[in-house]
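Below is one structure, written out as structure tokens; comments come after it.
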Amino acid sequence: MDIVGSILDIPVQDPQDEDFSAADLTWTKFGTPEHHDDVALIPYSRVDAFIIGECSNVECPTRFHIERGRKRSKGSLKEYKSDEYLEYKMYWCSFGPENYGEGGGILPSRRYRLNTRNRAARPQSMRGCTCHFVVKRLYARPSLALLIYNDRRHVNKAGFVCHGPLDRDAIGPGAKNIPYICSEIQQQTMSMIYLGIPEENVLEKHIEGIQRYCGSDAKVNSLASQYVHKLGMIIRRSTHELDLDDQASIRMWVERNKKSIFFYQDTSETDAFILGIQTEWQLQQMIRFGHRSLIAADSTFGIKRLKYPLCTLLVFDSRQHALPVAWVITRSFSKPDVSKWMKALLDRARSVEPGWKVSGFLIDDAAAEIDPIRDIFSCPVLFSLWRIRRTWLRNVVKKCSNTEVQRELFKRLGQIVYSIWDGSETLAALEELVLDFADQTVFMEYFKAFWVPKIEMWLSTMKALPLASQEASSAIEAYHAKLKTKLFDDSHLNALWRVDWLVHKLTTELHSSYWLDRYADESDSFQNVREEYITSTSWHRALQIPDSAITFDEKDHLYAKVQGQKDSSVTHLVWNPGSEFAFCDCPWSMQANLCKHVLKVNMICENHRGCQSSMSMHSFREILLNIWRMPLDDSLALDQSMAWTYQMLDQIQKLVELNSTNDIGTVVKRLPIQWSSKKTRTSVCVPSATLGLPSSSKDSTRMTVALKKNRKRKRLSRLR
């Protein structure tokens, strides 16, 4: 659009409608190439009609107040330009310019709130809206008004819609009439909408939740229906692209969602991009299920398909399912960068629960940095075999067409891993594998290129660290499969290289899915969701298979047969039973997953003679033997080993007792009694103010008066 330098070249517009808005006018660029504004010229008598039209914006209904104004008397200027004003008024949206919302504040120069008309209904309704325009009554032509629109969008400084139907946090004069909606009901409603549940079902559950607080009422039901409809409209219209530039879009998201971020480091010449995401609900779950328990990492997800790989930290919930409690998006796995976000995560947890501590940390990548985990979390590090098993099985099935070759090759790969305990040489086993399967050229080319150079690193890590159980591996793999299904949908292939899309998917659909799973299980509602959640891991599906459905090859113990539960005529063969590298011919296993048939057979093999034990049991025995082999002449090392052994034995005995008892009260009664004052029992890590040295009666009287004054201050602060 051309820039006009004189007001005389701007046509006067007078729309026929009674009220009109900026959309009904043709705007002209007025000024210089360096500085110009969008302007329009209308009769001065139609200014009120323009303001009324602007207030009637469907997407952002509002009112405008006069933020600033000046006047001149006629004849006060001897020389003047064509755009000089006789009257000057700046109209600002009544939801601004101050921001009384979260993270906002009043203007630095505003020492008090202006007592002008047509402002927002209450101060807390002001959300920092930047929409404003200027009306100039021209000095040379008093019958005309020059409209200068500085910012037409009703957004805050961060660029987000800050009021109206499209604002997620919108409030207004009718907010006091809306029924009470706690965070649990709101999260339940949002989760159901994100997961695509029909609006009728969402509204039914929403009203059920509200009626627990408000009772049954027609007005309440009507307001609830409006709320669900509005929330659904906001979610459907929401987009991950806050800006066309991905980096700018992420900055805007970070600015708005500070509560859901525990670490953020933008890209620079010296620093790598790191974004650590953890919602308040995830923080609660990490504190609840991670304390004195295990944390696992599903690392390097999407390293080939996403712009930045995704690392997920998982805890194991009450059903031993993997629950995501933090996401870290970064390409840097260096020790300093890993230490930064791990320390930030631990500090956040301990800011809520000072005594929070992890008992163990599971990794699945041999190249992962272990030192930051040991230094920051101060806990043992375990290794999970699920990733290497999945990778090898997927390529064996993909690159070898013969089923017999697949199961034999997979068995030999497992024997290479087992060789770290039986004393055989790894290089000799690798050479033998290459010679025996020389005809499988496609797989051998892949194996030589990707695994032979780093196989020593992986095997040494497996030998140095304790190995995690198959139950933990199946839980992590179940999360990985669900994450892959959510993200790698065909409809999203074009967005994979945008970080804002990845963040949007994680914090909306995936987060809502796990929240609803946990809520359904704990509240015994949403029975379909609850049943699907309980059987979401192969381990829990394996527990449903009866022992009678398993038969072994008694002669050589080469395979086991598993009878189908839905169709008894279907039988699945599990070769190499008892090993983590067992091979099953079911469709789920052929997709490189740890299936329920393999897990069930391995459960029975624990008590079946002639079957090899699992690798995690091999690792456990090796650790115990290393402690037992400590030299007797080294007295200090022997004492330390003895202390570790008895400490571990005591913890195992208590765990077995808790799992085997039917009445936890009998266990609690045998625990040692720890006396404490009432103050210390009701507060976390805060010593009682009454404990101390004996004092005189005067001192005690002064202390009592001080405590009463302190309580009075606390009550007054709450009232404010």
Side-chain angles (χ1 to χ4, degrees), residues 1-57 59-60 62-98 107-110 114-120 126 128-157 159 162:
M1 183 183 293
D2 296 334
I3 299 175
V4 177
S6 174
I7 289 183
L8 300 175
D9 298 330
I10 301 175
V12 180
Q13 303 177 65
D14 189 4
Q16 297 179 355
D17 297 335
E18 183 178 355
D19 301 324
F20 62 96
S21 64
D24 301 318
L25 298 175
T26 302
W27 296 86
T28 306
K29 299 287 184 183
F30 172 70
T32 63
E34 292 78 17
H35 178 74
H36 52 269
D37 299 306
D38 290 338
V39 302
L41 207 57
I42 64 172
Y44 182 73
S45 59
R46 301 297 309 276
V47 170
D48 289 341
F50 172 76
I51 295 174
I52 293 173
E54 281 297 286
C55 293
S56 304
N57 190 333
E59 293 185 350
C60 297
T62 184
R63 287 178 290 183
F64 284 86
H65 67 272
I66 299 174
E67 180 72 16
R68 195 177 305 150
R70 293 189 292 270
K71 282 186 178 181
R72 289 189 178 122
S73 59
K74 189 66 176 175
S76 60
L77 296 179
K78 295 181 179 180
E79 296 180 0
Y80 50 85
K81 298 179 182 179
S82 60
D83 62 337
E84 289 288 355
Y85 65 87
L86 185 63
E87 292 182 9
Y88 174 96
K89 294 180 181 179
M90 176 184 286
Y91 289 86
W92 207 293
C93 173
S94 291
F95 287 91
E98 294 100 327
L107 296 176
S109 60
R110 183 73 51 82
L114 294 180
N115 188 19
T116 55
R117 294 182 179 181
N118 297 332
R119 295 186 63 82
M126 301 179 71
C129 184
T130 59
C131 179
H132 65 284
F133 59 88
V134 172
V135 177
K136 278 187 179 182
R137 187 177 186 182
L138 296 179
Y139 188 88
R141 303 159 74 184
S143 62
L144 299 180
L146 181 68
L147 304 179
I148 306 174
Y149 228 130
N150 301 101
D151 197 337
R152 295 191 211 178
R153 300 184 305 158
H154 291 269
V155 297
N156 54 24
K157 290 182 179 180
C162 54

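This one's a predicted model, so the numbers in the text were calculated from it and none came from an experiment. The basis for the numbers below is simple: all heavy atoms, side chains too, and nothing from hydrogens, waters or symmetry mates.
More than 12 non-hydrogen atoms from other residues, nucleotides or ligands lie less than 6.0 angstrom from CZ of R70. By the 6.0 Å contact criterion, NZ on K81 is open, its count of non-hydrogen atoms from other residues, nucleotides or ligands being 12 or less.
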Practice task
Apply the test side-chain contact (heavy atoms from CB on, under 4.5 Å) to residues T32 and I3: give CA-CA distance (whole Å), side-chain angles for both, the deciding distance (0.1 Å), then the verdict.
Solution key: CA-CA 7 Å; T32 63; I3 299 175; over 6 Å; no
Problem - Stepwise side-chain contact (heavy atoms from CB on, under 4.5 Å) check, K29 with D38 - result: CA-CA 5 Å; K29 299 287 184 183; D38 290 338; 2.9 Å; yes
Practice task
Give the C-alpha distance, both sets of side-chain angles, the deciding distance and a yes or no for side-chain contact (heavy atoms from CB on, under 4.5 Å) between V135 and L147.
Solution key: CA-CA 5 Å; V135 177; L147 304 179; 3.7 Å; yes
Practice task
Step by step, work out the side-chain contact (heavy atoms from CB on, under 4.5 Å) result for W92 and F64.
Solution key: CA-CA 5 Å; W92 207 293; F64 284 86; 5.6 Å; no
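Among all heavy-atom pairs drawn from L138 and S82, the shortest one is CD2-O, 3.9 Å. Across every non-hydrogen atom of T130 and N156, the tightest pair is CG2-C, 4.0 Å. Looking at every heavy atom in both residues, P142 comes nearest to R137 through O-NE, 2.9 Å. The minimum heavy-atom distance linking H154 with C93 is given by the pair ND1-SG, 3.7 Å. Taking both residues in full, the closest heavy atoms of Y149 and C131 are given as OH-SG, 3.8 Å, listed atom of the first, atom of the second, then distance. In terms of heavy atoms, L86 sits closest to S73 at CD1-C, 4.2 Å.
In this structure, K71 forms no cation-pi arrangement with Y85, as its terminal cationic atom is not both closer than 6.0 Å to the ring centre and no more than 45° off the ring axis.
A donor-acceptor pair under 3.5 Å is formed between the side chain of R46 and the backbone N or O of P15. Of the possible donor and acceptor atoms, one in the side chain of S6 sits under 3.5 Å from a partner among the backbone N and O of L8. Between the side chain of Y139 and the main chain of L77, a donor-acceptor pair closer than 3.5 Å is present.
A heavy-atom distance below 4.5 Å is found between the side chains of V12 and R141.
In this structure, CD on E54 lies 5.5 Å from OG on S21, to the nearest 0.5 angstrom. Once rounded to the nearest 0.5 Å, the distance linking CG of L41 with CH2 of W27 reads 10.5 Å. For the atom pair H132 NE2 and I148 CD1, the distance stands at 10.0 Å (nearest 0.5 Å). How far CD1 of I52 is from CD of E18: 8.0 Å, rounded to the nearest 0.5 Å. Distance CG/L146 to CZ/F30: 7.0 Å, rounded to 0.5 Å. Here D19 contributes atom CG and D48 contributes atom CG; the two are 10.0 Å apart, rounded to the nearest 0.5 Å.
Ring geometry, Y91 versus F133: the interplanar angle falls under 30°, so the pair is classed parallel (tilted spans 30 to 60°).
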